[in-house]
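The basis for the numbers below is simple: all heavy atoms, side chains too, and nothing from hydrogens, waters or symmetry mates. Reminder, nothing fancy here: chain letters follow the sequence lines and each chain counts from 1.
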Amino acid sequence: MEDVFSQLEALGQSERRVAMATLVGTKGTTPKKEGAKMWVGEGGRVLGSVTIGGCVDARVIEDSASVLRSGAPQLLKMALGDEDAWEMGLSCGGTIEVLLEPLELAGDAPVLGSYRRIATEVDAGREACLVRLLREPGRALLVLADGKSEGSLGNAALDAAARQQALPLIARGTSRTERIAVADAASRAEGAESPEAFFEVHAPRAHLVLVGAGVVAMALSELARTVGFRVTVVDPRPKFASRERFPHANELRVGIPSEILENLTLVPSTAVVLTIHDYKVEVPVLRAVLSSRAGYVGMLGNRNRGRAVLDMLRQEGVPSEQLERVHVPIGLDIGAQTAAEIATSVLAEMIAVRCGKSGASLRASPPGTGAQKEPRSG
Amino acid sequence: MSDLYGAVIAEHFRRPRNRGTLESPDATHEEVNPLCGDRIRIELKLEGDRVVAARFRGDACMVAVASASLLTGMVVGLSREDAFRFPEERLLAALETTLRPARVQCAQLPLQVMRAALSDAPAR
């Protein structure tokens, strides 16, 4: 959700107040997932979208004006598509809930402060979850990845329950609406309810760490940047990890690769791809990476070579479940031959793994899987 | 592995000695072989004129790692001068194998790095 922060800053240059629309619930097939945001300024300026851009977005824009007038949040529930669209088979078919709320962009509005705080965590490589009650979105509890929290939903029992529910969502990187289950019997006896809250998970931007600065890395660096990854290139040789070869990489790190990887923050949104094709780097780097939370680890090489490298680590005592995380041979089976084709197959596999998909052809997938969605923001 | 390079290199690659870092080293230097990518850093602690501790870090081939492992053990207790003049032949002999010429460079890298570290370190 990197766009949330950059969009807030951009909006703040020209708007004093906006209506913030957040997709907080989906049922059935919908073009976007929970957490998608749209902003409508007082002058009607629109940023982002909660659906593909037709039906619901139009209603959200319309209702934004009344939210800004009244200053009160609204929860919109809508079915996607109309009868005509259904007849033509064009409808998405799902239902969605959108939380619309007015947001002051100046000063120290609490929700704005929460987003600034989230930006600090995410920039440091840590996830965070913003929990807000649907009926009272002005109250916010920010749950950090280490289990600590800031702010309050109004009482300690709700806060404790929300913290417990937020942590597995943070681990999965999933935003959703849930009823907060107040476990404390005394609080329930006092009439504390189990209100619905939106758990909005923010994770660090997708980060690709390339170990080895050869031609496949050069191609993968460019492709990954296009898709929105932050790219770090690591190589022991200064002549290889150069700006001439990697003009658009975010960071070039020359040094002892395993030492560099030990000091990077590797989280589920991090992909580590070893293109260096040399055991002397692969073994120590994998040793450093496999005990981390990196979401994707892959290395160039055929099956035999991969087995030999993993066997070296196995002999050192690296557990099998860690070794099984390594994608080798790397990439999807598309018959890639050139560096650019190999990079494409690797990037496709990285995205598939991130989304929990197999990478198989959509045409061959069972019906109901993989509706074509608008590109995800952030 | 030991069939290719001998038991000493295999042992020191699998279980390298003195791998790590020192707190506030008195001498340190890092170098890379620009072609093969072997990269080694050596850190030394000096007390007066003596080397009292030595560590290495690096991602390097078996020969270079074994060489660094052996060298960092052999220089402890030497004077700064003797460490600087550590004979290459003694290091190669400690590897207990005959290296083809291209691999001798790998064995020499830790020695070059250590000499550079001692040269760069301020005189006491």
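Crowding of A/Arg243 atom CZ: a count of heavy atoms from other residues, nucleotides or ligands under 6.0 Å exceeding 12.
Contact residues of residues 210-222 of chain A toward chain B are absent (heavy-atom distance under 4.5 Å). Contacts between residues 331-339 of chain A and chain B, counted as heavy-atom pairs separated by less than 4.5 Å, involve no residue at all.
Using a cutoff of 4.0 Å between basic side-chain nitrogens and carboxylate oxygens, A/Glu262 and B/Arg57 are scored as salt-bridged. Electrostatic pairing of A/Glu259 and B/Arg41 counts as a salt bridge here, judged by a charged N lying under 4.0 Å from a carboxylate O.
Within the structure, ring-ring contact (aromatic ring centres under 6.0 Å, His included) contacts touching residues 286-336 of chain A (residues at least two apart or in different chains) are A/Tyr296-A/His327. Residue pairs meeting the ring-ring contact (aromatic ring centres under 6.0 Å, His included) criterion with at least one member in residues 68-94 of chain B: none, sequence neighbours excluded.
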Step by step, would you call A/Arg237 with B/Leu35 a side chain to side chain contact (heavy atoms under 4.5 Å, CB included)? CA-CA 8 Å; A/Arg237 303 157 294 185; B/Leu35 294 178; over 6 Å; no
Should A/Lys280 and B/Asp59 be marked as a side chain to side chain contact (heavy atoms under 4.5 Å, CB included) after you check the CA-CA gap, both sets of side-chain angles, and the distance that decides it? CA-CA 6 Å; A/Lys280 66 173 173 255; B/Asp59 292 341; 5.5 Å; no
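Proximity to chain B is limited to the side chain of A/Asp278, based on heavy atoms less than 4.5 angstrom apart. The parts of B/Asp38 that come within reach of chain A are both its backbone and its side chain, each placing non-hydrogen atoms under 4.5 angstrom from that chain.
No other option in B/Ala64, B/Gly58, B/Gly37 has as many heavy-atom pairs under 4.5 Å with chain A as B/Gly37. Between chain A and the options B/Cys36, B/Ala60, B/Pro34, heavy-atom pairs under 4.5 Å are most frequent for B/Ala60.
Of all heavy-atom pairs spanning A/Tyr279 and B/Met62, the tightest one is OH-N, 3.0 Å.
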